[in-house]
Amino acid sequence: MRSVIDILDLTVDEIDELISTAEDMIENPSAYTEKCKGKKLATLFFEPSTRTRLSFEAAMLEMGGSVIGFSQASSTSTTKGETIADTSKVISCYADIIAMRHPKEGAPFVASLNASIPVINAGDGGHCHPTQTLADLLTIHREQGRLNNLVIGFCGDLKYGRTVHSLISALSRYENVTIILISPEELKLPGYIKYGVIEKCGMKYVETDDLDEVIGDLDILYMTRVQGERFVDKDEYLRLRDKYILTAEKMKSAKESMSVLHPLPRVNEISVKVDSDPRACYFKQVYNGKFMRRALILKLLSEAAQDPKKKESDLYNSENLINVIKCPNSACITTTEQEIDHIFRPIDKAKGIYRCAYCEAKEKYFNN
């Protein structure tokens, strides 16, 4: 039994398999209507969601399964102080698989360590969103016919955009992908993605703050919302929220074959007049996401049935620092979860650089 917390939990072959299954589901829907009969999905959404939650629920219901869960933290025992660890143990008694969204980074990972059923990360703060990435990959594959030899521009909030982080990580394993990072200085891509993923694997990338300058070079334009809920300084959010607006006029400079993606919801970063452009694919992403979630649920339930034993975590190996330093990230689950071990994995032991196992925050530690 395993969970999917990060897109890198899936190999390239497994992603290809999921794409193939999802495409077969689209072409042959009747073949899958009873695949999850008798199974229950628990949707544990501690943060507001429309597309992701309903997509998971629709995916399970369309395969003959049932759904339990909640859509807001205020209706759960967390208001009484219950931990994520205890919640996941309780839900394991009721369901066969969990989809969890949480504002704290690393919360679904904590759930996966304590649940006795598979856990799917449905978004954890500004960290990861692997099933949105699966939707993105299927959309790119269906629109462009490939996942390699692409120039992809990510525009807007690259700092807090968990969908951006996950998609870049996924694309890092495909050949000849060039990344164009379009953002203001304040919303640049975090170092753990820029250096730990892009530069580590040798991907070509360019940083700019000018969308007009690069839009003509792109095969994919991935627009993002500036996420007000992630900002501590609301004045900074108000200053940055309208930095990039994709209009019909701007689209005149783009390739006829370019695809525009957006994880939604949008605020005003894409004009509604772009919706009628055949290159606008963000509502196709929503449709595709349901089928990729269907394929993932089916895969994890099948694996769990074949091997129900819980896998041992590698968190407590001798290379990691256990309760030696604390995570500096206020959005990390370690700041609120009761008695959770603070675990840091070595990135560069010689330089004393470690990253939090839950949220990827970087910290230096020298054992003198």
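Residues: numbered from 1 along the sequence shown. What you see is a predicted model; the values in this text were computed from it and never measured.
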Q: Tell me yes or no: between the side chains of Asn176 and Asn148, is some donor less than 3.5 Å from an acceptor?
A: no
Q. Backbone N or O of Lys89 within a donor-acceptor pair of the Asn114 side chain at under 3.5 Å?
A. no
Q: For Asp275 and Tyr282, test the side chains for any donor-to-acceptor distance below 3.5 angstrom and give the result as yes or no.
A: yes
Q.
Please give me the minimum heavy-atom distance between Phe344 and Glu363, naming the atom from each residue.
A. CE2-CB, 3.7 Å
**Q.** Validation row: Cys36, Ile297 side chains within 4.5 angstrom (heavy atoms)
**A.** yes
Q. Is there side-chain contact between Phe56 and Arg293, with heavy atoms separated by less than 4.5 Å?
A. yes
Q) Do Glu143 and Lys284 touch side chain to side chain, with heavy atoms closer than 4.5 Å? A) yes
Q. How far apart are the closest heavy atoms of Lys250 and Ile215, and which atoms are they?
A. O-CD1, 3.7 Å
Q: Decide whether Val197 and Val12 are clustered together by the hydrophobic rule: side chain heavy atoms of Ile, Leu, Val, Met, Phe, Trp, Tyr closer than 4.5 Å, transitively.
A: yes
Q.
If we ignore hydrogens and angles and just use 3.5 Å, is the side chain of Arg279 paired with the main-chain N or O of Lys255 as donor and acceptor?
A. yes
Q: Determine, stepwise, if the pair Ile347 / Tyr354 fulfils side-chain contact (heavy atoms from CB on, under 4.5 Å).
A: CA-CA 5 Å; Ile347 301 302; Tyr354 290 76; 5.8 Å; no
Q) In this structure, are over 12 heavy atoms from other groups packed under 6.0 Å from Lys159 atom NZ? A) no
(Q) Once you measure the plane-to-plane angle for Tyr192 and His127, does it fall in the parallel (<30°), tilted (30-60°) or perpendicular (>60°) bin? (A) tilted
Q.
Would a single hydrophobic cluster contain both Ile220 and Met203, if residues Ile, Leu, Val, Met, Phe, Trp and Tyr are joined by side-chain heavy-atom contacts under 4.5 Å?
A. yes
Q. Can you name the nearest heavy-atom pair linking Cys327 to Cys359, along with the distance?
A. SG-SG, 3.5 Å
Q.
Between Ile353 and Ile343, is there shared hydrophobic-cluster membership here, with clusters defined by ILVMFWY side-chain heavy atoms closer than 4.5 Å?
A. no
Q: Tell me yes or no: between the side chains of Asn329 and Tyr358, is some donor less than 3.5 Å from an acceptor?
A: no
Q: Could you pull out the closest heavy-atom pair between Ile340 and Thr334, with the gap in Å?
A: CG2-CA, 3.7 Å
Q. Any chain of hydrophobic side-chain contacts (each under 4.5 Å) joining Tyr195 to Leu187?
A. no
Q: Using distance alone, with no hydrogens and no angle criterion, decide if Thr87 and Glu82 have a side-chain donor and acceptor under 3.5 Å apart.
A: yes
(Q) So, applying side chain to side chain donor-acceptor pair (under 3.5 Å) with His129, which one of Arg101, His165, Arg162 is it? (A) Arg101
Q) Can you find a pair of side-chain heavy atoms, one from Val214 and one from Val206, that are under 4.5 Å apart? A) no
Q) In terms of the angle between their ring planes, are Tyr222 and Phe154 parallel, tilted or perpendicular, with boundaries placed at 30° and 60°? A) tilted
Q.
For the residue pair Thr21 / Glu17, report whether a side-chain donor-acceptor contact shorter than 3.5 Å exists.
A. no
Q) Which of parallel (below 30°), tilted (30 to 60°) and perpendicular (above 60°) describes His102 and Phe46? A) tilted
**Q.** Test side chain to side chain contact (heavy atoms under 4.5 Å, CB included) applied to Leu158 and Pro190, Ser183, Pro184, the passing residue
**A.** Ser183
Q | Shortest non-hydrogen separation from Pro118 to Asp96 and the atoms involved | A | CD-O, 3.4 Å
Q) Do Glu175 and Asn149 have side-chain atoms, one donor and one acceptor, less than 3.5 Å apart? A) no
Q) Is the side chain of Asp9 donor-acceptor paired with the backbone N or O of Val4 at a distance under 3.5 Å, no angle test? A) no
Q) Taking side chain as C-beta onward, heavy atoms only, is Thr224 less than 4.5 Å from Tyr160? A) no
**Q.** Closest non-hydrogen atom pair, Asp124 against Pro108
**A.** CB-CD, 3.5 Å
Q.
Can you confirm whether the side chains of Asn288 and Thr139 place a donor and an acceptor under 3.5 Å from each other?
A. yes
Q: Evaluate the side-chain proximity of Gln132 to Ser166: yes if any heavy-atom separation is below 4.5 Å, no if none is.
A: no
(Q) Could you check whether any side-chain heavy atom of Leu113 comes within less than 4.5 Å of a side-chain heavy atom of Leu315, counting everything from C-beta outward? (A) yes
Q) Going by heavy atoms in the side chains, are Met251 and Met258 under 4.5 Å from each other? A) yes
Q | Donor-acceptor contact present, side-chain Ser112 to main-chain Phe109, <3.5 Å | A | yes
Q. Out of curiosity, does Met223 fall in the hydrophobic cluster containing Val272 (side-chain heavy atoms, cut-off under 4.5 Å, transitive links)?
A. no
Q) Does atom NZ of Lys35 have more than 12 heavy-atom neighbours, drawn from other residues, nucleotides or ligands, at distances under 6.0 Å? A) no
Q. Under 3.5 Å, is there a donor-acceptor pair between the side chain of Gln144 and the main chain of Asp219?
A. yes
**Q.** Trace of the salt bridge (charged side-chain N to carboxylate O under 4.0 Å, His left out) decision for Lys104 with Glu337
**A.** CA-CA 10 Å; Lys104 287 294 185 180; Glu337 189 77 352; over 6 Å; no
Q. Thinking salt bridges, do Arg345 and Asp314 make one under a 4.0 Å N-O criterion?
A. yes
